[in-house]
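In what follows, a single structure is set out as structure tokens and then discussed.
FYI, side chains are in, hydrogens and waters are out, and symmetry mates aren't considered; it's all heavy atoms of this structure. Indexing begins at 1, ligand by ligand and atom by atom, following the structure's order.
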Amino acid sequence: MAKGKVLSGAGLRGQVAGKTALSTVGVSGSGLTYRGYDVKDLANNCQFEEVAYLILKGKLPNQAELDAYKAKLKGMRSLPQALLDVLERIPADAHPMDVMRTGCSMLGNLEMENDFSEQGEVTDRMLACFPSIICYWYRFSHDSVRIDVDTDDDSIGGHFLHLLRGEKPNALHEQVMHVSLILYAEHEFNASTFTARVCASTLSDMHSCITGAIGSLRGPLHGGANEAAMELIENFTSPEHAEAEMMGKLERKEKIMGFGHAIYSESDPRNEIIKGWSEKLAADVGDTVLYPVSVRCEEVMWREKKLFCNADFFHASAYHFMGIPTKLFTPIFVMSRLTGWAAHVMEQRADNRIIRPSADYTGEDLRPVPTIADRA
Ligand SMILES: CC(=O)SCCNC(=O)CCNC(=O)[C@H](O)C(C)(C)COP(=O)(O)OP(=O)(O)OC[C@H]1O[C@@H](n2cnc3c(N)ncnc32)[C@H](O)[C@@H]1OP(=O)(O)O
Ligand SMILES: O=C([O-])CC(=O)C(=O)O
């Protein structure tokens with residue numbers, strides 16, 4: 001068993017920075033709950049829209065509420081022309097997370113949150129149209145087509161895959177999207193959520209909070225790790241090759257993306273779930289390399305460093321098996337985590353004090369300003 005993680009030191013580790021009723025992370029070493037429900041239970045039994053409703057509105061919807069919520073979101077997928085114009089001006093080699101950041105920010109210019117009473121509506125709107133934003137830009141900049149973003153797909157994940165590929169996804173792929181979006185939906189005071197809460201604590205608007213959070217999620221130490229993990233494993237031609245390369249990386253003390261966690265000490269409960277789906281998808285596409293390579297990476301990291309896969313590692317192969325381009329991996333995380341971010345913004349607003357910690361000063365002692373002629 002792994003040694004318990006010491007939650008202290010730099011990075012505010014182990015310090016309680018507020019209260020939340022939304023989730024618990026690592027309370028039993030490896031557990032994750034959303035509003036009291038185990039994430040495994042949710043991933044096994046729910047669609048993403050049910051979990052979004054739970055996180056944003058506080059309870060699991062009954063059938064009528066779920067149907068109404070899905071119908072509402074379906075009706076909010078279209079994009080205003082001014083936003084389409086902006087998306088068309090973003091170059092094909094831009095990073096899709098920058099597209100998400102700009103898309104969210106532009107939406108905030110066009111459909112402002114005028115009052116906090118609108119927070120639920122603007123959140124639902126973002127939830128419905130974020131897949132439209134990323135896919136419209138991607139298809140326009142890469143395939144030179146102006147897609148119609150109004151689909152009648154039943155789910156957010158299905159809508160995303162449909163726009164991306166120009167045809168409805170099969171049942172397996174739609175199911176994996178539900179699971180993936182559920183796994184990524186909420187995670188207490190992680191870096192991007194904390195960004196959103198800091199922004200919310202100044203009484204800023206919802207779009208600003210979410211735009212800032214997207215920027216924090218983009219980095220490879222956070223959400224960007226799923227893309228970085230893909231860039232790692234796609235280089236390996238066999239488990240033996242993966243083993244040799246991973247050993248070299250560990251000797252050179254390189255950081256391996258998709259492993260380790262700031263809070264969990266033994267495992268990330270999301271890993272076993274997405275790993276299972278990655279295995280199913282590997283069988284579905286007849287993969288004999290990427291999945292075994294991923295498993296070997298996991299074995300090497302545990303054997304050598306007692307580091308376990310976090311949520312991102314097996315997401316890489318799972319998304320790849322569904323034909324999703326690597327650079328769109330982290331935007332999918334955005335489509336999901338938006339629920340957690342927005343719920344935290346609402347929670348912060350409901351009991352707010354501006355977040356303003358202190359710093360230990362390490363600079364110069366007090367000194368007079370020299371005249372400009374006396375400066376080096
Ligand atoms: C959905 C998510 O956002 S999950 C996180 C996604 N991010 C990644 O996968 C990036 C790779 N992982 C990491 O960088 C880290 O594990 C983090 C950022 C997730 C957590 O950071 P920390 O809490 O500071 O890590 P932690 O304190 O456990 O590190 C302990 C030691 O293990 C090492 N370590 C941690 N993760 C890794 C890794 N992935 N590869 C190699 N070494 C690692 C650290 O360098 C550190 O070594 P040191 O003591 O010699 O400096
Ligand atoms: O909690 C964290 O630090 C990172 C993480 O796993 C997440 O945000 O899902």
Q: Report yes or no: do Asn226 and Tyr184 form a side-chain donor-acceptor pair below 3.5 Å?
A: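 Yes, Tyr184 and Asn226 have a side-chain donor paired with an acceptor closer than 3.5 Å.
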Q. Can you tell me if His222 and Arg337 form a side-chain donor-acceptor pair at under 3.5 Å?
A.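 Absent: no donor and acceptor within the cut-off.
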Q. Under a 4.5 Å side-chain heavy-atom rule over Ile, Leu, Val, Met, Phe, Trp and Tyr, are Val39 and Tyr37 clustered together?
A.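 In one cluster with Val39: Tyr37, yes.
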Could you tell me whether [atom] has a protein heavy atom closer than 4.0 Å?
atom                    : result
atom 6 (C) of ligand 1  : yes
atom 26 (P) of ligand 1 : yes
atom 40 (N) of ligand 1 : yes
atom 37 (C) of ligand 1 : yes

Q) What is the closest protein heavy atom to atom 12 (N) of ligand 1, and at what distance does it sit? A)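 Looking only at protein heavy atoms, the one closest to atom 12 (N) of ligand 1 is Phe259 O, 2.8 Å.
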(Q) Is the terminal nitrogen or CZ of Lys306 (NZ for Lys, CZ for Arg) located under 6.0 angstrom from the six-membered ring centre of Trp302 and within 45° of that ring's axis? (A)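 Geometry flag: set, cation within 6.0 Å and 45°.
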Take every heavy atom of [X], measure it against each atom of ligand 1, and state whether any distance is under 4.0 Å.
X      : answer
Ala311 : no
Phe333 : yes
Pro220 : yes

Test of proximity, [X] against ligand 1: N or O pairs below 3.5 Å:
X      : result
Arg13  : yes
Arg270 : no
Leu307 : no
Leu221 : yes

Q) Considering only heavy atoms, which protein residues lie less than 4.0 Å from any atom of ligand 2? A)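 Ligand 2 is contacted, at a heavy-atom distance under 4.0 Å, by His187, Asn190, His222, His261, Arg270, Arg337.
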Q | Heavy-atom check, side chain of Glu88 versus side chain of Tyr136, under 4.5 Å | A |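 Sidechains of Tyr136 and Glu88: in contact.
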Q. Is any NZ, NE, NH1 or NH2 atom of the basic residue among Glu299 and Arg296 found under 4.0 Å from an Asp or Glu carboxylate oxygen of the other?
A.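 A salt bridge is present here (some side-chain N lies under 4.0 Å from a carboxylate O).
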